[in-house]
Amino acid sequence: MIDKTWPDAASAVACVEDGATVMIGGFGRSGQPVELIDALIAHGARELTIVNNNAGNGDTGLAALIAAGRVRKIVCSFPRQADSWVFDERYRSGRIELELVPQGNLAERIRAAGAGIGGFYTPTGVGTLLAEGAELRTIGGRDHVLQFPLHADVALIGALAADRWGNLVYRRTARNFGPVMATAARTTIAQVDAVVPLGQLDPEAVVTPGIYVDRVVVVGERPWLREGRFVGGVDIDGHPIADETQEAVR
Amino acid sequence: MIDKTWPDAASAVACVEDGATVMIGGFGRSGQPVELIDALIAHGARELTIVNNNAGNGDTGLAALIAAGRVRKIVCSFPRQADSWVFDERYRSGRIELELVPQGNLAERIRAAGAGIGGFYTPTGVGTLLAEGAELRTIGGRDHVLQFPLHADVALIGALAADRWGNLVYRRTARNFGPVMATAARTTIAQVDAVVPLGQLDPEAVVTPGIYVDRVVVVGERPWLREGRFVGGVDIDGHPIADETQEAVR
Amino acid sequence: MNDRISRDELAARVAADIPDGAYVNLGIGAPTRVADFLPAEREIVLHTENGLLGMGPAPAAGAVDPDLVNAGKQAVTEVAGAAYFHHADSFAMMRGGHLDVCVLGAFQVAENGDLANWSTGGEGAIPAVGGAMDLAIGAKSVYVMTDLLTRAGEPKLVRACSYPLTGVRCVTRVYTDRAVFDVTERGFAVRELFGTATVAELEELTGLSFVTAEGAAA
Amino acid sequence: MNDRISRDELAARVAADIPDGAYVNLGIGAPTRVADFLPAEREIVLHTENGLLGMGPAPAAGAVDPDLVNAGKQAVTEVAGAAYFHHADSFAMMRGGHLDVCVLGAFQVAENGDLANWSTGGEGAIPAVGGAMDLAIGAKSVYVMTDLLTRAGEPKLVRACSYPLTGVRCVTRVYTDRAVFDVTERGFAVRELFGTATVAELEELTGLSFVTAEGAAA
């Protein structure tokens, strides 16, 4: 019998070794698997290479992992944000390595790793600093650069719901990198709001088939949902808002 | 206002020119857009290059297009089937050209065309006749061959339902090549059982976003459904079965 | 009459050029504002690279959904007809040439269409590129929306970019606070002048020579 | 006792080696039959390359669904936990190394693991390859299921394939009607003998020398 549910985040992430390459889903805070990251911090693995679109927001999640000094290098497309002070400080002081990748190359390189593609040619980045050193090839009269797949030891992703086979569905734009990262890692760990009985997810609407998922951790329903329905009442960071502050929300 | 619905199959396929490359969805008979193909036969475009997984079944659909002498060349992975007599006869008499492509390369080359990938390296076919002439490259100690994207002038695909923006959902394994072919053609024409009001398709479960679809033709509900529910009563070719023949169905 | 139009007027001017039925990506920052000026009678489908086609305006207070954000991580909504997809599918859409228009900001645009908009190359600056390079090579029309001059008075339309490039020969048209320029084989063509600006004044401000655009409004 | 096992016994023998929780693709033809012998106490997830993970057995009479077929275009069913996907996603799954096992038929398997199973190269024969080349390079274990000899008595285990290859050095193990062979660095290793067959007899039938397998049952 297949049962990929795991008792807790701590035991699920215990397989992450020092020096591992870890993909972390999410786009900014949206879809970021914060509970798995917290468990990874507690687990203590060091010298990690992190693959994420960004480089952390505020002081939680990926930012906390960086602040804890566990990240040797980050591969991302958009580190500099209004609330990326943790990364900014460590980058400026030379304590973290940055590999900057155009977002489409990041996504496609991750997909290539999952799809068994050895490399691909893309026009993105041609003639720019971010393609320096990349092999150039003219195809159909257009210049392309050769990009290689991006594999990971472990992927930590966030989804809405799973079944015990590891089939996943996501919610709105929190889907983002989760489905491709799940395909590109040797071990994929998903945190979900809930595990539903096998057969309850619509086979036409499963986004990540369970074959790509190794471990599922239930973290409880996100604060802006109640029994699966959107109730709101939070700010963009997911924090509850008092009534008098609602005017400030855009 | 966006309204991609088209009054009938005949007018929808009138844009297909002589000599065009036409992708046709379907895997055998499953998902094959027979009404669009019939309209293409009536339209009369000649010297077509067809991209499909197979080379026609029985005497209808793609087989009828081939029988009508409209197909100069077919690009496919699996022409020879128990019921591919129309293709077989023309191939043996040298009246149709065949480009045989491993099925995964076919799917990935179509995706590459839709995704702006100039070429990709794959281990599939290395050391075989089907990679003869392909550029070889060793990546990570493994041999790969370079494959190029496969574009089309027009794609004819079958789906279950659409909205007026061209968003599509499919049914079961009839999905097959439809979603990737829709991305790879200059003009994509979808036949659907029905068009539903905008907003009725679940945004989490749309398989082909409308951006990939140019024309939608309603052909009515497939015989084994009634008001969207499976009622069966057909054989594998979709023909009604009499009660006494049901024993023969496996 | 002023020789410059406001940021909102510029956003409205860009919006006016986006046809009914277009699929459009609006870059983060000023281009996002174009959404507020899209003509109500046109159906224009907004794409955001984090996985949504059919993006709607900001939600009402209290209805912010942290799972529904745009490329700038701001709260947005979905419209009827929306579809969600993952990041690789989203960038396949962008890179495969399916978007009709993208609107980007710029540090510099060169007269051959080169775009610089992601890095000033300054020491200690933290680089960030996001999806700009993918949009620059992928959209059918790449519109740039920017002031003609920096706050320091330096022209953003240049002979050749001195800042690191985002894309080569990729810009279709530049909407500035003083004029609209098409990128042509022979350099920038003034398509439309705003307010009291003249071609001669703009040439002096930028140090460039402009060609006459076909069908220019000015 | 016979020196060969039946087609059904062979299918059952293959099925017995597929572990609980495995993701498996069964090729068209004889390998499809393995599904009928999977141990009921194991959850094994069947993949079909036309876009389904979680394939079930043939439907009841009258419940045939033309929209639900396997790679051989036969009617099948879906099980609880199934997921549908399009062809590029399906082959990404196969080619990306995610399937634990595939079971394929063969014309020939060479002692270095080369597989020939798509074309005899005959004049006038219509070639068809389907997904065989993708499975051959993509599955973690590539099992071949075949008779040891052709009907004409020619061995299918060979020093080097004379028929066009499907894949190079890709086969993990060969299940035949007379024995099970592992492909090793040093050639075929007899893993298990069926009935009265001896290694010496199989060597004579094939003209090959076999090595002793680690952990072989015979």
Side-chain angles (χ1 to χ4, degrees), chain A residues 27-31 53 57 76-81 84 87-88 91-92 98 100-108 110-111 122-130 143 160 170-180 207 222 224 230 232-238 241 243 246-250, chain C residues 28 48-52 55 57-78 82 84-95 114-116 118-119 121 124-138 164-170:
Chain A
F27 183 82
R29 294 176 190 269
S30 175
N53 186 61
N57 303 79
C76 72
S77 89
F78 210 83
R80 187 192 63 233
Q81 301 163 90
S84 60
F87 169 82
D88 297 358
Y91 179 75
R92 290 210 169 89
L98 170 65
L100 192 71
V101 181
Q103 197 168 152
N105 286 358
L106 186 65
E108 188 73 14
I110 295 168
R111 179 192 180 270
T122 173
T124 293
V126 166
T128 77
L129 286 177
L130 299 190
D143 288 342
L160 178 65
Y170 301 81
R171 188 163 181 275
R172 300 186 147 177
T173 58
R175 185 186 302 196
N176 57 65
F177 280 93
V180 279
V207 173
R222 52 201 78 192
W224 49 96
F230 177 73
V234 297
D235 66 17
I236 192 68
D237 296 340
I241 48 171
D243 279 340
Q246 292 203 357
E247 293 304 307
V249 177
R250 62 152 302 188
Chain C
I28 61 179
T48 182
E49 53 258 49
N50 50 316
L52 169 60
M55 179 173 64
V64 165
D65 185 341
D67 294 326
L68 183 47
V69 300
N70 65 12
K73 283 109 182 170
Q74 298 166 307
V76 294
T77 49
E78 67 177 43
Y84 295 101
F85 29 82
H86 64 59
H87 241 84
D89 280 350
S90 185
F91 278 79
M93 193 181 285
M94 296 156 72
R95 294 147 63 107
D114 285 0
L115 171 66
W118 69 281
S119 168
I126 296 174
V129 66
M133 289 186 177
D134 305 290
L135 286 166
I137 63 92
L165 292 187
T166 302
V168 173
R169 296 177 181 276
C170 58

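Computation of the quantities below employed the complete heavy-atom set of this structure, encompassing side-chain atoms and omitting hydrogens, waters and symmetry-equivalent molecules. Every chain is numbered from 1, with letters handed out A, B, ... down the list of sequences.
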S.K.: Given the options A/Ser77, A/Gly232, A/Pro179, which has more heavy-atom pairs under 4.5 Å with chain C than any of the others?
M.R.: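 Heavy-atom pair counts peak at A/Ser77.
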S.K.: How far apart are the closest heavy atoms of A/Tyr91 and C/Ala125, and which atoms are they?
M.R.: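 Shortest heavy-atom separation between A/Tyr91 and C/Ala125 comes out as CE2-O, 4.3 Å.
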S.K.: Once rounded to the nearest 0.5 Å, what's the spacing between atom NZ of C/Lys73 and atom CG of A/Asn57?
M.R.: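 The distance works out to 6.5 Å.
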S.K.: Of A/Arg175, A/Arg111, A/Gln103, which meets side chain to side chain donor-acceptor pair (under 3.5 Å) against C/His87?
M.R.: A/Gln103
S.K.: Which heavy atom in C/Gln74 sits nearest to a heavy atom in A/Ile236, and how many Å separate them?
M.R.: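 Taking C/Gln74 first and A/Ile236 second, the nearest heavy atoms are C-CD1, 4.2 Å.
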S.K.: Where does A/Phe230 contact chain C at under 4.5 Å (heavy atoms): side chain, backbone, both or neither?
M.R.: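 The side chain, not the backbone.
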S.K.: Can you tell me how far the CG atom of C/Leu68 sits from the CH2 atom of A/Trp224, to the nearest 0.5 Å?
M.R.: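 Nearest 0.5 Å value for the CG-CH2 distance: 11.5 Å.
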S.K.: Not counting sequence neighbours, which residues clear salt bridge (charged side-chain N to carboxylate O under 4.0 Å, His left out) with C/Asp67? List them please.
M.R.: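 With sequence neighbours excluded, C/Asp67 shows a salt bridge (charged side-chain N to carboxylate O under 4.0 Å, His left out) to A/Arg171, A/Arg222, given in chain and number order.
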S.K.: Counting heavy-atom pairs closer than 4.5 Å to chain A, which one of C/Gly121, C/Ala136, C/Ala71 comes out on top?
M.R.: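 Top count of heavy-atom pairs under 4.5 Å with chain A: C/Ala71.
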S.K.: Please report the shortest heavy-atom distance between C/Pro127 and A/Pro79, naming the atom on each side.
M.R.: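 Scanning both residues, the minimum pair turns out to be O-CG, 3.1 Å.
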S.K.: At their closest point, which heavy atom of C/Ile137 faces which heavy atom of A/Pro123, and how far apart are they?
M.R.: CG2-O, 3.8 Å
S.K.: Could you tell me which of C/Gly130, C/Ala132, C/Gly138 has the largest number of non-hydrogen atom pairs under 4.5 Å with chain A?
M.R.: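 Winner by heavy-atom pair count: C/Gly130.
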S.K.: Look at C/Val129, C/Asn70, C/Thr166 and state which one has the largest set of heavy-atom pairs under 4.5 Å with chain A.
M.R.: C/Val129
S.K.: Supply the atom-to-atom distance C/Asp114 CG to A/Thr128 OG1, rounded to the nearest 0.5 angstrom.
M.R.: 11.0 Å
S.K.: Got a second to check how far A/Leu106's CG is from C/Asp134's CG, nearest 0.5 Å?
M.R.: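 A/Leu106 atom CG to C/Asp134 atom CG measures 10.0 Å (nearest 0.5 Å).
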S.K.: Can you say whether C/Asp89 sits under 4.5 Å from chain A via the side chain, the backbone, both, or neither, judging by heavy atoms?
M.R.: neither
S.K.: Using a cut-off of under 4.5 Å for heavy-atom pairs, which of C/Leu135, C/Thr48, C/Val76, C/Asp65 has the most such pairs with chain A?
M.R.: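 Maximum pair count with chain A is reached by C/Asp65.
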S.K.: Among the options A/Gly31, A/Ser84, A/Ala107, pick out the one with the most heavy-atom pairs lying under 4.5 Å from chain C.
M.R.: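 Of the candidates given, the most pairs with chain C belong to A/Ala107.
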S.K.: In terms of heavy-atom pairs under 4.5 Å, which option from A/Val180, A/Leu100, A/Asp143, A/Asn53 contacts chain C the most?
M.R.: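 Option with the top pair count is A/Leu100.
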S.K.: Check whether C/Ser119 gets within reach of chain A through its side chain, its backbone, both or neither, counting any heavy atom under 4.5 Å.
M.R.: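 Neither the backbone nor the side chain of C/Ser119 comes within 4.5 Å of chain A.
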S.K.: Answer with side chain, backbone, both or neither: which region of C/Leu115 has an atom nearer than 4.5 Å to a non-hydrogen atom of chain A?
M.R.: neither
S.K.: Before giving the answer on side-chain contact (heavy atoms from CB on, under 4.5 Å), spell out for C/Phe91 and A/Thr122 the whole-Å C-alpha distance, their side-chain angles and the decisive distance to 0.1 Å.
M.R.: CA-CA 12 Å; C/Phe91 278 79; A/Thr122 173; over 6 Å; no
S.K.: Based on non-hydrogen pairs under 4.5 Å, which of A/Leu130, A/Asp88, A/Leu129, A/Ile110 is most in contact with chain C?
M.R.: A/Leu130
S.K.: Taking side chain as everything from C-beta outward and backbone as N, CA, C, O, which of these in A/Val207 sits under 4.5 Å from a heavy atom of chain C? Side chain, backbone, both or neither.
M.R.: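 A/Val207 has no heavy atom closer than 4.5 Å to chain C.
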S.K.: Would you sort out whether A/Asn105 and C/Arg95 count as a side-chain contact (heavy atoms from CB on, under 4.5 Å), showing the intermediate values?
M.R.: CA-CA 10 Å; A/Asn105 286 358; C/Arg95 294 147 63 107; 2.8 Å; yes
S.K.: Less than 3.5 Å apart, any donor N or O on the side chain of C/Asn50 or A/Arg172 sitting next to an acceptor on the other?
M.R.: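 No - no donor-acceptor pair under 3.5 Å links their side chains.
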S.K.: Within the side chain of A/Thr173, is there an N or O that forms a donor-acceptor pair under 3.5 Å with the backbone of C/Val69?
M.R.: yes
S.K.: Which bit of A/Arg80 comes within less than 4.5 Å of chain C, counting heavy atoms only: side chain, backbone, both or neither?
M.R.: both
S.K.: Apply ring pair (Phe, Tyr, Trp, His ring centres under 6.0 Å) to A/Tyr170 and list each qualifying residue two or more places apart in sequence or on a separate chain.
M.R.: none
